[in-house]
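Working notes, beginning with the structure itself.
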There are 2 protein chains.
Amino acid sequence: MPELTVRTGITAAAHVVPAAPTAKQCRPAELAADLRIGIFRSARRLRAERGSADLPDHQYSVLGWLSKNGPLAPGVLAEMQHVQPPSMTRSVNTLVELGLVRKSEHPTDGRQVVVSLTDAGVTEVKETLRRRDTWLAERLAELNPAERSTMAAAARLMRGIADS
Amino acid sequence: MPELTVRTGITAAAHVVPAAPTAKQCRPAELAADLRIGIFRSARRLRAERGSADLPDHQYSVLGWLSKNGPLAPGVLAEMQHVQPPSMTRSVNTLVELGLVRKSEHPTDGRQVVVSLTDAGVTEVKETLRRRDTWLAERLAELNPAERSTMAAAARLMRGIADS
DNA sequence: TATTGTTATACTCTATAACTATA
DNA sequence: TATAGTTATAGAGTATAACAATA
């Protein structure tokens, strides 16, 4: 358990939730409704923070996946985004025109195309993430250490839930 | 502070986070990145749970706002959804054809139209929320009481953050 | 013959501008 | 004259089907 004594005056229970939820609020059914609202509202607000290219969500996701996974084929990107291949062809072409990605030949398979981020694309991803995290960090900085600890634990639990 | 002694064996600290986050994970900058991922992934997964009408998000939001606020004018709905009036005209007409909303005359102002949910529309909203909450509640039921308490506190903090 | 990607075509959603009806 | 809403038209995004190139 972290000792934050010096700076916060809080010792052992630095991550105790300050205003304890009631037992009712912790029942799965009630909690689900509360949490759903919190998640949707936060996601909506966060998504509004964008990089300077101000891309639509579906185009930004392409940059996000390339940033996370490295160069990918259009077919793979289409599958990731749950769209059909022709739609991804269109999105990728738009991003090429914007100078955010490039298309290159596959080294061994002449049928395939490899899509990768340009420097501008890398910058756009970084800028978008930076703006979102800056906005969120400013809000989190207004919380007290115990509340931040709660959010840190919740962040990990939400990732587990989403991946289940 | 709630006493959950009997059922959980946990007394004073029922909402203590089980695996305490490290101090680093609680710093606003690091926490923001973790939380952003948790929020986006959870929202994406939750949004996939829909009612039987399987409406696109923008059409479902109209039902959601009507459900929350009662009958509204198309212009108000357009403003809420940040779209232009003609777009909302189209969405509302689609929902009318689906039998989920109705358009009526304004009692005093002949220019205005009042959009309200039909019984089918009410049912669709309830079903969507029920499916999302059921899915989420099942995941939450797999957590231990302390983890659920953490999520309950986080839910309230997220609503505060989103509304700030 | 199967796979990868693109082009052709149509439908949906959105926006701006012009129009109708009412205040 | 101002307001609420619709219609007209055009620009994106997506889907299915057909096509081209390669394995």
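Chain A is the first sequence line, chain B the second, and so forth, proteins listed ahead of strands; every chain is numbered from 1.
Checking A:E49 against A:T128 by side-chain atom types alone, no donor-acceptor pair falls below 3.5 Å.
Atom CG of B:N93 and atom C1' of C:dT12 are 14 Å apart (whole Å). Between B:L95 atom CG and C:dT12 atom P the separation is 14 Å, expressed in whole Å. In this structure, the CD atom of B:E79 is 13 Å from the P atom of C:dA15, given to the nearest Å. Put simply, CG on A:D57 is 18 Å from P on D:dA12, counting in whole angstrom units. Put simply, CG on B:L77 is 11 Å from P on D:dT6, counting in whole angstrom units. Atom NE2 in B:H82 sits roughly 16 Å away from atom C1' in C:dA15 (whole-Å rounding). Between the P atom of C:dC13 and the OH atom of B:Y60 lies a distance of 18 Å, rounded to the nearest Å. Regarding B:R90, its CZ atom lies at a distance of 15 Å from the P atom of D:dA10, rounded to whole Å.
Taken to the nearest 0.5 Å, the CZ atom of A:R50 stands 4.5 Å off from the CG atom of A:D57.
Along DNA chain D, the nucleotide closest to A:G110 and the one closest to B:M88 are compared, and the more 5′ of them pairs with B:M88. Mapped onto DNA chain C by nearest heavy atom, B:P56 and B:P85 fall at different nucleotides, with B:P56 at the one closer to the 5' end.
Of the side-chain N and O atoms in B:T89, none sit less than 4.0 angstrom from OP1 or OP2 of D:dG5. Note on A:K103: every side-chain N or O is 4.0 Å or more away from OP1 and OP2 of C:dT4. Contact between the side-chain N/O atoms of A:Q59 and the OP1/OP2 oxygens of D:dG13 is found at a separation under 4.0 Å. A sub-4.0 Å separation between OP1 or OP2 of C:dA15 and a side-chain N or O of B:S87 is present.
Looking at heavy-atom distances under 4.0 Å, B:P74 makes contact with sugar-phosphate atoms alone, never a base.
With D:dT6, C:dA15, D:dT16 as the choices, the nucleotide that has an atom nearest any side-chain atom of A:Q84 turns out to be D:dT16. Of the candidates C:dA8, D:dT14, D:dT6, D:dT14 carries the atom nearest the A:S91 side chain, counting heavy atoms from C-beta on. For B:R111, the side-chain atoms get nearest to D:dA4 when compared with the rest of D:dA4, D:dA17, C:dT4. Nearest to the side chain of B:H58, among C:dT14, C:dT6, D:dG13, sits C:dT14. The side chain of B:D109 approaches C:dA23 more closely than any other nucleotide in the set C:dA23, C:dC13, D:dT14.
Here the side chain of B:T123 pairs a donor or acceptor atom with the backbone of B:D119 at under 3.5 angstrom.
Under a cutoff of 6.0 Å and an axis angle of 45°, B:R132 and B:Y60 form a cation-pi pair. A:W135 does not carry A:R131 over the face of its six-membered ring by the limits of under 6.0 Å from the centre and within 45° of the normal.
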